[in-house]
Amino acid sequence: MVSATPSPSGSAGPADVEHRTIRRLIPARVRRLGPRTLQGRLTLGFSGVVALTLFLVTIFVLNRLDDEFRQQQLADLQARTGLVAAYVDVVAAEKAAPDPVIGPDNVVNPRVASALRSDAYQSFIADQLAEADVDIVLGRQPTTGGDAAPIIPAVDGTFHASVLAPGRAGLTQESFAAQPLQRPATFSAFQYTIVVRLSNPYTFRQTAIDNVATVSAAVGALALGIAVIVAAAMALRVTTPLRRLTEASRALAEGQLGERIPRAEIRTGPAEIAALATQFNAMADQVEESVERIRRDRDRSRDFLADVSHELRTPIAALLTFNELLTERAGDDPGARAEFLHNSRVQLERLDWLAQNLLELSKLDSGLVLLDLRPDDLRVAVESAVEQARPAGRRRRLTIDLHLPNAPIRIRHDPQRVGQVVTNLVGNAIKFTEPGGTVSVRVAPAIAGEGGAGADGADGATITVGDTGVGIEPDELPRIFDRFYRGSRANEARASGSGLGLAIVRSIVEMHHGTVEVTSRLGSGTTFSVTLPSDPRREHGPDGTAPEPLRPIEESPDRGKMVDSSPTARPSLNGETSV
Ligand code: ADP
């Protein structure tokens, strides 16, 4: 059997292997000597490359120059060979005249021989003309059918003049020789041949090379110095934002959540580090926001716990009092006993109501509640909730008007939860309206932009619950959806209220991705408007008004809170449903 599980050691990537090879090539002791900071490494790396480049270029240039000089000196030496041969030709002809330079017995004319061996001539030829060692051969060249044959030296016809060190500074002796020059004598009436060979000349080649090497070293040192400064500056430009990033991260880790890298600093750094800094700032924003939210939630939970204990204490204290009274004296009086028992029951009902609402709210908040979304007619859910509230309305002698459109409003909603919303809103309206007043409930397709009402609930729907009751103080309006909040006008209805009804309404509406709004005028009434989208699984634009195309339920971010009970397997628009 072949296992596809990777080995525990893991397989090293190519970058890993490369890194390890480099580590193996450089001994640990040398590695330890290298700088540990990024700035040091960048500076050293850049300077090293510049130094190596300079070194190689200098070596190459010096080498080429040396070759070039050598060629030039050789050509020069060759030219001087011709000059020496011409000079010897003239001198020999002059000294021998009117005799031949080489006599018929093949012996060099003694005047010529002694002149060419004299110090004055030798010094002039070697030190002035040739600036090199000079070998001169005088002889005859036999003519063999036109071909040039080797010269046959005449007796006493070989001369050598060694060059002396010249007085000029900078000249050094070389160890090469020019090609020998063979030249027929032209200044003498008698035929003979002169061969001249120059060797070991004095030249400026070595001095020139030394000068170039010195200048190159000086320029190289200067360039290297500039390279180190530029590298250090560039490395600093890279590492400063990194250092700033490290400081900001440390501050964040120590709990200074407001720490950010200023925009001006971000802009000055290289693009990659600027991107990193921008990301860091975004991350810090997120962290700060999350911590803030957690703090707010913690405060809210603390307040909530305090509120719950407070709310529980009131009925429990009342129950304890009744219990004590019944145990002591009032237990014998049937009238008092009946009254206390009735009051106890009221308090127990309140406790039960409180417990139910708390449980409901915590379930809604924790996301444990799944919306059972159905493409049903919204009118049905609203109507049934209103019908259930009618007896309470009648008891308070209120008129309850229900306005439903003739056409069904099919939007995807959880009928039971929407019923609960209407029950809570209508319950409040009944509670806060004086006898003789009116509670009106209206259901209508939502108005989508300028286009008017969408047909068949395609753009959602609005449920409006209005009353002619006591109204809400304007400064209380923003708080009425808070848990346990009760307005100042709620005193008389306090016994039956928990301050949780509107919090539950808001939670359910938000789970449907809908909105709830309230308008109120003191003394004349309050109106709650709940707007529900045609399909909560649709994404909404930032303002909640521009729904994007329908997404399958699996992709919806809130899918954990929704379950689809639609009869069709694929998600569909309400207009398509057959129910
Ligand atoms: P309660 O259980 O106290 O009604 P709610 O959360 O339902 O709690 O309501 C919170 C507060 O909002 C109420 O105490 C009341 O002051 C105010 N309120 C809600 N509905 C109405 C209404 N229809 N008319 C006047 N005030 C209202």
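Everything numeric in this text was worked out from a predicted model, so none of it was measured. Both counts, for ligands and for their atoms, begin at 1 and track the order of listing.
With a heavy-atom cut-off of 4.0 Å, L502 touches ligand 1 through backbone and side chain alike. In N424, neither the side chain nor the backbone holds a heavy atom less than 4.0 Å from any atom of ligand 1. Only side-chain heavy atoms of T526 come within less than 4.0 Å of ligand 1; its backbone N, CA, C and O stay farther off. Only the side chain of F528 comes within 4.0 Å of ligand 1, judged by heavy-atom distances.
Electrostatic pairing of D376 and R412 does not count as a salt bridge here, judged by no charged N lying under 4.0 Å from a carboxylate O. A salt bridge is absent between R486 and E476: the closest approach of a Lys/Arg side-chain nitrogen to an acidic carboxylate oxygen does not fall below 4.0 angstrom.
Among F432, F481, F484, the residue whose heavy atom lies nearest to atom 15 (C) of ligand 1 is F432. Of the listed options V426, L354, N428, T468, N428 places a heavy atom closest to atom 7 (O) of ligand 1.
Residues passing the side chain to side chain contact (heavy atoms under 4.5 Å, CB included) test with A251 are Q256, E259, sequence neighbours excluded. Partners of E339 under the side chain to side chain contact (heavy atoms under 4.5 Å, CB included) rule, at least two apart in sequence or in another chain, are N343.
Contact of the T438 side chain with the D467 side chain is not registered, since no non-hydrogen atoms from C-beta on lie closer than 4.5 Å.
In this structure, G471 counts as a contact residue of ligand 1, since one of its heavy atoms falls inside 4.0 Å of the ligand. The closest approach between a heavy atom of G469 and any atom of ligand 1 is not below 4.0 Å. The shell of residues lying under 4.0 angstrom from ligand 1, judged by heavy atoms, includes K431.
Counting atoms of ligand 1 from 1 in the listed order, those under 4.0 Å from a heavy atom of G499 are 1 (P), 2 (O), 3 (O), 6 (O), 8 (O). Each of the following atoms of ligand 1 lies closer than 4.0 Å to a heavy atom of G501: 5 (P), 6 (O), 7 (O).
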Step by step, would you call Q39 with R243 a side chain to side chain donor-acceptor pair (under 3.5 Å)? CA-CA 11 Å; Q39 186 178 0; R243 234 173 252 139; 3.2 Å; yes
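Listed for the R379 side chain is a donor-acceptor partner under 3.5 Å among the backbone atoms of P405. Within the 3.5 Å criterion, the main-chain N or O of D414 finds a donor-acceptor partner in the side chain of H512.
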